[in-house]
Amino acid sequence: MHPFAFSRVSTVTAALNAGARYGRYIAGGTTLVDLMRETVERPAHVVDINGLPYKDITVTRQGLHVGSLVRMSELAAHPEVRATYPLLSQALELGASAQLRNMASIGGNIMQRPRCPYFRDVHSACNRRDPGSGCDARHGDNRMQAILGTSTHCVATHPSDLAVALVALDAVIQVRGLDGTRSIPVQDFFLRPGDTLQDEHSLRPGEPITSLTVPAGAHTRRSGYLKVRDRQSYEFALASAAVALDIRGGVVRGARVAVGGVATVPWRLPKVEEALVGKRPGRRTWTDAAALAAEGAVPLSENAFKVRLVERTVRRQLMTIGGQ
Amino acid sequence: MLVDDRRVNACLTLAVMHQGARVATIEGLARGEQLHPLQQAFIDHDGLQCGYCTPGQLMSGVACIAEGHTGSREEIREWMSGNLCRCGAYTNIVSAIEQTAKEA
Ligand SMILES: Cc1cc2nc3c(=O)[nH]c(=O)nc-3n(C[C@H](O)[C@H](O)[C@H](O)COP(=O)(O)OP(=O)(O)OC[C@H]3O[C@@H](n4cnc5c(N)ncnc54)[C@H](O)[C@@H]3O)c2cc1C
Ligand code: FES
């Protein structure tokens with residue numbers, strides 16, 4: 001680990017000032033400390049923001065409001081979240097481990113960095129870590145990499161399970177800047193690997209995430225997360241599906257579907273959703289819609305299996321949530 | 001280890017972030033010569049071989065029991081899945097936690 005300065009802030013103003021002086025925020029530390037030990041991250045100044053007042057969970061008729069410093073375990077176990085937004089509880093509890101979930105914050109989860117082994121190894125070429133150095137993953141060990149939203153610069157999947165659920169539920173992220181607050185729809189928050197790879201998200205330097213909101217709706221109760229992985233627990237997704245359905249009068253009125261483990265950003269599937277709305281729930285509907293899940297996929301040498309896998313993951317989760 | 005009674009990974013946090021917090025490690029589990037019931041259960045069930053992972057298993061197991069995630073062997077396995085055991089003592093670790101939870 002490289003030497004670094006450490007300070008703690010307890011007011012938003014102090015955080016913004018420290019952030020403006022290129023301080024790096026730390027919440028749970030489960031991404032940042034890990035990457036600092038690997039020397040992938042080398043911040044000169046780490047700013048502990050755990051003293052900020054972003055720790056509330058409120059559920060109202062309008063929706064869910066979650067402070068950025070709420071821990072993964074707290075949000076998952078919240079009784080109203082479990083009952084009304086089961087997709088969120090499941091996406092959280094199928095990720096990481098009990099210890100990590102006690103530490104990891106919601107803001108940090110959204111901001112977590114790629115898990116690509118070449119990103120984590122400072123001796124490999126990686127455009128994300130070292131822009132312009134190339135991408136060793138593309139023609140290397142690429143079994144875990146993405147098949148959707150990739151570019152010649154980067155093929156790393158987005159690792160967050162929570163973010164997949166948030167994209168499906170149209171969440172909005174609130175951030176605080178020096179000139180006030182702004183809201184970013186989660187769909188626009190994550191940026192696909194383009195020419196400026198340093199930009200993984202639309203947060204400006206020094207802007208803390210303060211909270212996120214998830215709008216209420218008839219679909220949130222009938223929702224859930226399926227995560228398919230190499231081992232049953234404590235592993236990132238090969239493919240995952242977040243599904244929320246509004247079924248009334250024997251017809252699908254609304255559908256939200258997003259997938260993880262296969263794309264460079266949490267991946268919403270509007271065409272799958274369109275194929276569901278207006279149909280009668282049933283095996284035929286689920287199968288036809290899920291067949292569109294991998295549209296546009298560009299597999300690499302070792303991950304073509306993800307095409308069928310993501311289709312089947314979506315189909316199975318539609319069956320689980322919608323009934324067969 | 002436990003920080004304010006919650007299990008966390010010591011390797012991923014900075015000590016300076018926990019000033020004033022109540023920190024419990026394996027050294028604080030026994031009361032003098034009297035082993036914690038989970039420590040005794042690890043001995044009774046052969047819940048260890050080389051012992052490398054054991055401090056982490058014990059601290060995590062204590063928290064797992066306190067959280068109530070011990071309804072079945074499957075539930076214990078899922079909620080202990082962050083603690084790897086290179087020797088593969090998992091089956092006996094689950095038995096030790098199961099027994100201790102029942103007697104608690
Ligand atoms: C072994 C392991 C397994 C894991 N498995 C999974 C998994 O299966 N699924 C999954 O989804 N995740 C998984 N994770 C990732 C984990 O969920 C993240 O590391 C965690 O959520 C990050 O939160 P944190 O509070 O610890 O972030 P930190 O490490 O404190 O911060 C991470 C980044 O976010 C920035 N940041 C933090 N808070 C804010 C804020 N409020 N505003 C602006 N910037 C901020 C920091 O500056 C830093 O760059 C795993 C992690 C580990 C170590
Ligand atoms: S007892 Fe040897 S690693 Fe678990």
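Here the structure is a predicted model, which means the values were calculated and not measured.
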Next on the checklist: Under 4.5 Å from any heavy atom of chain B, what part of A:Glu93 do you find: side chain, backbone, both or neither?
Outcome noted: both
Checklist entry - Taking all non-hydrogen atoms of both residues, which atom of B:Ser81 and which atom of A:Tyr234 are closest, and how far apart? => result O-CD2, 3.1 Å
Checklist entry - Relative to chain B, which segment of A:Ala104 carries a heavy atom at a distance below 4.5 Å: side chain, backbone, both, or neither? => result neither
Next on the checklist: So does A:Leu100 get a backbone contact from the side chain of B:Arg7, meaning a donor-acceptor N/O pair under 3.5 Å?
Outcome noted: no
Item to check | Interface moiety of B:Leu84 toward chain A, non-hydrogen atoms closer than 4.5 Å | outcome: side chain
Checklist entry - How long is the span from the CD atom in B:Glu78 to the CG atom in A:Leu94, to the nearest 0.5 Å? => result 7.0 Å
Next on the checklist: Using side-chain heavy atoms (C-beta onward) and a distance below 4.5 Å, is A:Arg37 in contact with B:Cys11?
Outcome noted: yes
Item to check | Segment of A:Arg101 engaging chain B (4.5 angstrom heavy-atom cut-off) | outcome: side chain
Checklist entry - Does OH in A:Tyr22 sit with more than 12 non-hydrogen atoms of other residues, nucleotides or ligands closer than 6.0 Å? => result no
Checklist entry - Is any side-chain heavy atom of B:Arg6 less than 4.5 Å from a side-chain heavy atom of A:Arg71? => result yes
Checklist entry - Is the number of heavy atoms from other residues, nucleotides or ligands within 6.0 Å of CZ (A:Arg82) greater than 12? => result yes
Next on the checklist: Within the supplied structure, the quantity of interest is the number of heavy atoms (other residues, nucleotides, ligands) at a distance under 6.0 Å from A:Arg231 CZ; does it exceed 12?
Outcome noted: yes
Checklist entry - Taking the side chain as C-beta and beyond, is there a heavy-atom pair between B:Leu14 and A:Val33 under 4.5 Å? => result yes
Checklist entry - How long is the span from the CE atom in A:Met103 to the CG atom in B:Asn9, to the nearest 0.5 Å? => result 5.5 Å
Checklist entry - In Å, rounded to the nearest 0.5 Å, how long is the span from CG of B:Leu12 to CE of A:Met36? => result 12.0 Å
Checklist entry - When you check the side-chain N and O atoms of A:Arg8 and B:Gln19, is any donor under 3.5 Å from an acceptor? => result yes
Next on the checklist: Please classify the contact of A:Asp34 with chain B as side chain, backbone, both or neither, using a heavy-atom distance under 4.5 Å.
Outcome noted: both
Checklist entry - Side chains of B:Met1 and A:Gln99: closer than 4.5 Å at any heavy-atom pair? => result no
Item to check | Under 4.5 Å from any heavy atom of chain A - which part of B:Cys64 | outcome: neither
Checklist entry - Side chain, backbone, both or neither: which part of A:Asn102 has an atom under 4.5 Å from a heavy atom of chain B? => result both
Item to check | Under 4.5 Å from a heavy atom of chain B, the part of A:Ser73 involved | outcome: side chain
Next on the checklist: Would you compute the distance between atom CE of B:Met80 and atom OG of A:Ser233 and round it to the nearest 0.5 angstrom?
Outcome noted: 11.5 Å
Checklist entry - Would the number of heavy atoms belonging to other residues, nucleotides or ligands and lying under 6.0 Å from CZ of A:Phe4 be above 12? => result yes
